[in-house]
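Being a predicted model, the structure only gives us computed values, none of them experimental. The figures here come from the full heavy-atom set of this structure, side chains too, leaving out hydrogens, waters and symmetry mates.
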Amino acid sequence: MIQRMHVAVNCSNLEKSLAFYKNFFGQEPAKVKENYAKFELDEPGLHFSLNVRPFEKEGVLNHLGFQVNNTEDVLAMGERLRSAGLLLIDEMDTTCCYAVQDKVWVYDPDGNAWEIFYTKEDSEFESAGDARDLSLCCAPPQKPQTIQLGFTKK
């Protein structure tokens, strides 16, 4: 019988990530070491660990999330996260991933996107069609422009 789902995320700074996830999960970690931390959540059943490891900023992970029972749960979680000072993006009544959803988003210190969402109904469309209506999970993240300066020795 499965007890908990396990998710392990690499992080660059354990202290910053711990501050974020304590607020995000609303509880203290079960274990903290120099380069590791573990949260054991009962609702939902999740074993979540942070591992200080080098990693590429752009990987295969799109986003993580929790589905809740209704819009009121989305709003309550959003208010708790907002009160904790976590940057929050609201998307109410959005069409994304072939569903009409209410959701909020936060990013951890390493840029991992988390959504709290409620699915109202299925949709025949991936998104609402307008670029400003695309949810974070349906639109590729905007990459910051990098400007390289070249210098020549004289």
Side-chain angles (χ1 to χ4, degrees), residues 1-71 73-92 94-119 126-128 131-150:
M1 178 87 180
I2 294 174
Q3 182 181 5
R4 286 188 173 101
M5 179 181 175
H6 173 63
V7 174
V9 175
N10 289 336
C11 68
S12 58
N13 182 305
L14 187 61
E15 187 176 310
K16 284 182 181 178
S17 292
L18 274 173
F20 174 86
Y21 283 105
K22 285 178 185 180
N23 284 315
F24 184 68
F25 293 136
Q27 71 181 57
E28 293 293 315
K31 182 187 289 187
V32 177
K33 300 292 184 182
E34 179 182 323
N35 63 347
Y36 174 85
K38 172 179 72 171
F39 291 83
E40 291 187 356
L41 308 178
D42 292 325
E43 265 188 54
L46 176 66
H47 175 261
F48 181 84
S49 64
L50 297 164
N51 301 275
V52 180
R53 303 273 191 284
F55 61 93
E56 294 295 320
K57 285 290 187 182
E58 295 179 21
V60 296
L61 180 66
N62 183 292
H63 68 279
L64 303 157
F66 293 116
Q67 184 174 19
V68 295
N69 293 321
N70 52 48
T71 298
D73 289 348
V74 171
L75 296 172
M77 184 77 161
E79 188 53 40
R80 186 179 70 71
L81 296 172
R82 189 175 281 111
S83 296
L86 302 181
L87 175 64
L88 195 68
I89 299 167
D90 295 285
E91 287 189 320
M92 297 295 139
T94 188
T95 301
C96 175
C97 303
Y98 300 95
V100 178
Q101 301 172 329
D102 288 336
K103 61 176 80 180
V104 294
W105 293 89
V106 294
Y107 288 91
D108 77 3
D110 289 299
N112 292 306
W114 282 87
E115 72 173 322
I116 308 302
F117 69 97
Y118 168 63
T119 300
E126 182 179 11
S127 69
R132 71 177 178 273
D133 291 334
L134 288 178
S135 173
L136 297 175
C137 69
C138 293
Q142 295 295 319
K143 292 182 184 178
Q145 294 293 323
T146 304
I147 299 172
Q148 280 207 317
L149 302 174

Validation: residues 7-17 side-chain donor-acceptor distances under 3.5 Å, sequence neighbours left out:
from  : atom 1 : to     : atom 2 : distance (Å)
Ser12 : OG     : Asp110 : OD1    : 2.5
Asn13 : OD1    : Glu15  : N      : 3.1
Asn13 : OD1    : Lys16  : N      : 2.9
Ser17 : OG     : Asn13  : O      : 3.3

Set of side-chain hydrogen bond (donor to acceptor under 3.5 Å, both in side chains) partners for Arg82, sequence neighbours left out: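 side-chain hydrogen bond (donor to acceptor under 3.5 Å, both in side chains) check on Arg82 returns Asp90.
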Set of residues satisfying side-chain hydrogen bond (donor to acceptor under 3.5 Å, both in side chains) with respect to Gln27, sequence neighbours excluded: none
Pairing residues for Asp102 by the salt bridge (charged side-chain N to carboxylate O under 4.0 Å, His left out) criterion, not counting sequence neighbours: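 Asp102 satisfies salt bridge (charged side-chain N to carboxylate O under 4.0 Å, His left out) with Lys120 only.
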Test item: side-chain donor near acceptor, Asp108 and Tyr21, under 3.5 Å: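 Their side chains do contain a donor-acceptor pair, which is all the 3.5 Å distance test asks for.
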What is the distance from atom [atom1] of [X] to atom [atom2] of [Y], rounded to the nearest 0.5 Å?
X: Tyr107; Y: His63; atom1: OH; atom2: NE2; result: 10.0 Å
X: Gln101; Y: Glu115; atom1: CD; atom2: CD; result: 6.0 Å
X: Ile116; Y: Leu64; atom1: CD1; atom2: CG; result: 10.0 Å
X: Leu86; Y: Trp114; atom1: CG; atom2: CH2; result: 12.5 Å

Check residues 31-39 and write down every donor-acceptor pair under 3.5 Å in which the side-chain atom is one partner and the other belongs to a residue at least two apart or another chain.
from  : atom 1 : to    : atom 2 : distance (Å)
Lys38 : NZ     : Glu40 : OE2    : 2.9

Closest contact, heavy atoms only, Ser49 versus His6: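 It is OG-CE1, 3.4 Å.
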Derivation and outcome, side chain to side chain contact (heavy atoms under 4.5 Å, CB included), residues Cys96 and Glu91: CA-CA 10 Å; Cys96 175; Glu91 287 189 320; 5.9 Å; no
Are [X] and [Y] side-chain neighbours, meaning at least one heavy-atom pair lies under 4.5 Å?
X: Val74; Y: Phe117; value: no
X: Asp73; Y: Tyr118; value: no
X: Arg4; Y: Asp42; value: yes

side-chain contact (heavy atoms from CB on, under 4.5 Å) involving Leu75 - partner list, sequence neighbours excluded: Thr71, Met92
